[in-house]
Number of protein chains: 2
Amino acid sequence: MATSQGAELALLLLGGFHSMVDDVVAELERRGHPGVRAAHEFALRAIDGGADTASELGRRLDVSKQAAAKTITALEQLGYVGREADPGDARRQLLKVTPRGHELMTVGGALFDDVRERWAAQIGPAALDALQAHLGALVERRAFGAEDLAQP
Amino acid sequence: MATSQGAELALLLLGGFHSMVDDVVAELERRGHPGVRAAHEFALRAIDGGADTASELGRRLDVSKQAAAKTITALEQLGYVGREADPGDARRQLLKVTPRGHELMTVGGALFDDVRERWAAQIGPAALDALQAHLGALVERRAFGAEDLAQP
DNA sequence: TAGTTTGGACAATATGGTTGTCGATAATCA
DNA sequence: TGATTATCGACAACCATATTGTCCAAACTA
């Protein structure tokens, strides 16, 4: 029966994601950001976007707060985020993206855009825009979905 | 700076994949195939497509043979594949998809197609076909990429 | 036949996720 | 106000899925 069209599509979506991410991560390594995972990138964006506590990050990333806390620890050890006590709430540890963290976001974002541009050159900018727009319509954005990933 | 268009696209690709897979896995559970992960589905398809040894499966899935072997063990325990000695090569353990395995492939494929149809209804069949075709052009199919996945 | 590849297994390890529990602080409401 | 409830973050135990490295036996190959 050959692979179903639907399964094929799923594989393409995953393949596309990995293709972009592998590219970006490899280049990031070359540009002074070794040890970065795609998940870090996305978590960092979420933090910068307002998820300033571990619990909130967990909610936005749709993972448990414990998982989020682990990611934060990693990000902290890599020097991308800092934590400080919240003066208004003694339970909270406020997260703040460091300058190096912002640098990573900038570089990472540019690299993602590079890949996207390469893709645009291949199938045409209009087609890619349409692809992205349609995908956006299909996938109700759950704030910031960044799960998965692997390869050390 | 908002999220870069490129990063956005990557997230959408991942989100789309997860959206399809979560749906299919949940429905599969309801239809008598509990414990199945998307990775199993894809591995099974690869095996049925000719990856009849652990090493070969690893190559096609682009993971280590050890990882492939573990997947095979899982698939075997779930009753989806069988192993038998290769009469022509004493090192090999030949893999064979069981009838239940084929049943899973059929049902799983249909479920993926269902999701795809729902998507087609949302953005129009032509748009979805174009999306898939373009994605296919961008992602040089590496035989059968099925990595990632998570949530127990 | 000697040397190299290959298939599969085992062990150790890493990553990234999960529950569950807990103490401390905040928030709510009776 | 004071008691209950909710939330934050941390710790522990665990699980799933990968990874590398090592190893042996079997199969090519020069």
Side-chain angles (χ1 to χ4, degrees), chain A residues 14 18 21-22 25 34-44 46-47 51-78 81-96 144-152, chain B residues 14 18 21-22 25 34-43 46-47 50-78 81-95 145-152:
Chain A
L14 178 60
H18 268 148
V21 158
D22 290 354
V25 169
V36 170
R37 312 310 214 61
H40 296 159
E41 268 260 352
F42 297 122
L44 204 56
I47 292 168
D52 62 354
T53 68
S55 293
E56 179 57 27
L57 182 62
R59 257 173 255 125
R60 296 219 193 178
L61 260 41
D62 200 35
V63 298
S64 63
K65 60 183 177 180
Q66 291 86 342
K70 283 191 190 180
T71 301
I72 291 168
T73 300
L75 246 17
E76 198 180 11
Q77 283 173 346
L78 289 167
V81 299
R83 310 156 101 146
E84 51 189 72
D86 183 334
D89 187 335
R91 293 169 306 176
R92 285 184 166 89
Q93 290 275 294
L94 243 34
L95 301 176
K96 246 194 83 183
F144 242 128
E147 305 89 39
D148 145 278
L149 295 319
Q151 83 264 329
Chain B
L14 178 60
H18 267 148
V21 158
D22 288 355
V25 168
V36 169
R37 313 310 217 62
H40 295 159
E41 268 259 354
F42 297 122
I47 292 168
D52 61 353
T53 68
S55 293
E56 178 58 26
L57 182 61
R59 258 175 254 122
R60 296 217 194 178
L61 261 40
D62 200 36
V63 297
S64 63
K65 60 183 178 179
Q66 290 85 341
K70 285 192 189 179
T71 301
I72 291 167
T73 300
L75 246 17
E76 200 181 9
Q77 284 174 344
L78 290 168
V81 299
R83 311 157 100 146
E84 50 189 71
D86 183 334
D89 186 334
R91 291 170 307 177
R92 284 184 168 90
Q93 291 273 295
L94 242 34
L95 302 175
E147 307 87 40
D148 141 280
L149 296 321
Q151 81 264 332

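We use all heavy atoms of the structure for the numbers below, so side chains are in, but hydrogens, waters and symmetry mates are not.
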Which residues satisfy the salt bridge (charged side-chain N to carboxylate O under 4.0 Å, His left out) test with B:D86, sequence neighbours excluded? none
Under the side chain to side chain contact (heavy atoms under 4.5 Å, CB included) rule, collect the residues that match up with A:A67, sequence neighbours excluded. A:V63, A:S64
How many whole angstroms separate atom CD1 of B:I72 from atom P of D:dT17? 14 Å
Report the distance from atom CZ of B:R37 to atom P of C:dT18, rounded to the nearest whole Å. 12 Å
Would you give a per-nucleotide map of nucleotides 4-11 of chain C, 5' to 3', where B means the base has a protein non-hydrogen atom under 4.0 Å away, S means only the sugar-phosphate does, and - means neither? --BBBBB-
Residue list, side chain to side chain contact (heavy atoms under 4.5 Å, CB included) with A:T71, at least two apart or on another chain: A:H40, A:A43, A:L75
For A:Q77, all residues meeting side chain to side chain contact (heavy atoms under 4.5 Å, CB included), sequence neighbours excluded: A:T73
OP1, OP2 of D:dG9 versus side-chain N and O of A:T73: anything below 4.0 Å? no
According to a strict under-4.0 Å criterion, is A:S64 in side-chain N/O contact with OP1 or OP2 of C:dT18? yes
Residues which pass side chain to side chain contact (heavy atoms under 4.5 Å, CB included) with A:E76, listed by chain and number, not counting sequence neighbours: A:V81, A:R83
Of the nucleotides D:dT19, C:dT15, C:dT18, which has the atom closest to the A:K70 side chain? C:dT18
Whole-Å distance between D:dA18 P and B:F42 CZ? 13 Å
Could you check which of C:dA26, C:dG16, D:dA26 has an atom nearest any side-chain atom of A:H40? C:dG16
Find the distance between CD (A:Q66) and OG (A:S55) and round it off to the nearest 0.5 Å. 8.5 Å
